[in-house]
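Residue numbering restarts at 1 for every chain, and letters A, B, ... go by the order of the sequence lines. When reading the values below, keep in mind they use all heavy atoms of this one structure, side chains included, and skip hydrogens, waters and symmetry mates.
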Amino acid sequence: MTTDGAGASGPGGDPIHIDPDNWLPRDLAGRCARCGTGPELEGFFRSVVFPELDMGYWISEMIRGIGPGEVTTFGAIARGLGDPAAARAVGALISEGVIEGPVHRVIFSDGRVPRGSMDPLSSEIGDPVLIKLERPVEFELSRPPLIVLSDIQKALAIRAERGTRNVNSVCGLDVSYGSINVCALSKFTLSGKHEGDMTTEVEPGLPYIPGYLFYREGPCMIEAVSKAREEGMIDGETLLMIDGNGMLHPRRMGIARQLGMVLDLPTCGASKRLMMGRVGEYRNAIKGISIAKVTDDEEVIGASIKAGEKKAFYLSAGHLTDLRTCIPLVSRMLSGRHPAPVKRAHDLANETRKRSLKNPIGLS
DNA sequence: GCGACAG
DNA sequence: ATCTTGTCGC
């Protein structure tokens, strides 16, 4: 890693250049495109990509170049990382106190100073009001990590198999976060009968960044699914139903589809909030269920499903399945507003995490 | 006031 | 997602 000392990017100033030679291996997207499927692709993520997901380190290396009297913003750091959508995640990491370096020199883009940074900034700059007049330092990374990660998603989208696979059961999958993090799986038959659960303690990858959910929860879920496979709870014809999106994603590679490709399993996504796209006209389906298409420029990327007058949820195909297959399947197993498998996995993950606070040896 | 980016 | 009192609804 090298930086160009100067830093001050006042009017006409240069951004801080960073050439991270040890952050992420070179040409990860290209390697992903050339990588095989099945265990080989899973191994690529487990041993090459996931160990590199250290956003705290990336941010620390960036802000160590901000000198006394200079400031930058949460948004500038996020842009430097490759996606402005990461601004809140940058703020969250800094407020957690896990970032090394002069974190007090990171302010809001409107000039406000985060709580806790006012005193150290005042002694460096004088009147904090004048901070507004400073031009925040920008960053230019030769290989922005979030660009690398989104390029991997694009590479996967290009090589994605479009066929469908026969399904013999459905398994909901969700993670609950706290002092410990718990991943839960809940298996159901195609007719909606509950068949079993599994929970396991996990470690997340990146913090949550919209569009990159797979890099947060994927490592946890892959770990949990591997375990469930070993125990015979799921096989190649188990449809994984994930709390999130599949095709309903800016790069058509939401967590459900990316996880499905990596694990070579059929997957679909069910989310509570619409991430993108336009909701069409609702049409009545079976048993008081109404359904509308979710489109992005003519392309159908998902469906909005409403049970009765309840709020809708958003279903999208992941890997080895399609909406036409998923919609009837999911419609037959609704539990209130949501599909039973994700609802149960969600509740189970939550309960298990909270229960573990009182009984630290209670995980299965 | 607008836009509003899954968990 | 999590942090949280009392409250509303099936």
Readout for nucleotides 1-7 of chain B: B = base within 4.0 Å of protein heavy atom, S = sugar-phosphate only, - = neither; 5' to 3' it is ----BBB
Just wondering, do A/Phe214 and A/Phe45 contact through their side chains at under 4.5 Å, heavy atoms? yes
Heavy-atom donor-acceptor pair, A/Arg353 side chain to A/Tyr177 backbone, under 3.5 Å: yes
Check the pair A/Ser290 / A/Asn284 against side chain to side chain donor-acceptor pair (under 3.5 Å), numbers first and verdict last. CA-CA 4 Å; A/Ser290 52; A/Asn284 291 325; 4.8 Å; no
Note, A/Val167 side chain near A/Thr325 side chain (heavy atom, < 4.5 Å): no
Between N or O atoms, less than 3.5 Å apart, protein on one side and nucleotides 4-10 of chain C on the other: list the pairs.
none

Rounded to whole angstrom units, what separation is found between the CD atom of A/Glu96 and the P atom of C/dA1? 17 Å
Between A/Arg257 and A/His249, does a side chain to side chain donor-acceptor pair (under 3.5 Å) hold up when you go through it step by step? CA-CA 10 Å; A/Arg257 187 145 92 126; A/His249 182 274; over 6 Å; no
Could A/Arg105 and A/Glu70 be called an ion pair, given the rule that one side-chain N must be under 4.0 Å from one carboxylate O? no
So, does A/Arg165 use its side chain to make a donor-acceptor pair with the main chain of A/Gly236 at under 3.5 Å? yes
What's the separation between atom CG in A/Asn350 and atom NE2 in A/His346, rounded to the nearest 0.5 Å? 5.5 Å
Under 4.0 Å: is that the gap between some side-chain N or O of A/Asn350 and OP1 or OP2 of C/dT2? yes
Nearest whole angstrom, please: distance from the P of C/dA1 to the CZ of A/Arg353. 11 Å
Heavy atoms, side chains only, cut-off 4.5 Å: are A/Met62 and A/Ile18 in contact? yes
Note every stem involving DNA chain C: at least three consecutive Watson-Crick or G-U wobble pairs, i with j then i+1 with j-1, with both distances under 3.5 Å. none
Phosphate OP1/OP2 of C/dA1: any A/Ser176 side-chain N/O under 4.0 Å: no
Say whether, by atom type as modelled, one donor and one acceptor occur between the side chain of A/Arg251 and the main chain of A/Gly211 under 3.5 angstrom. yes
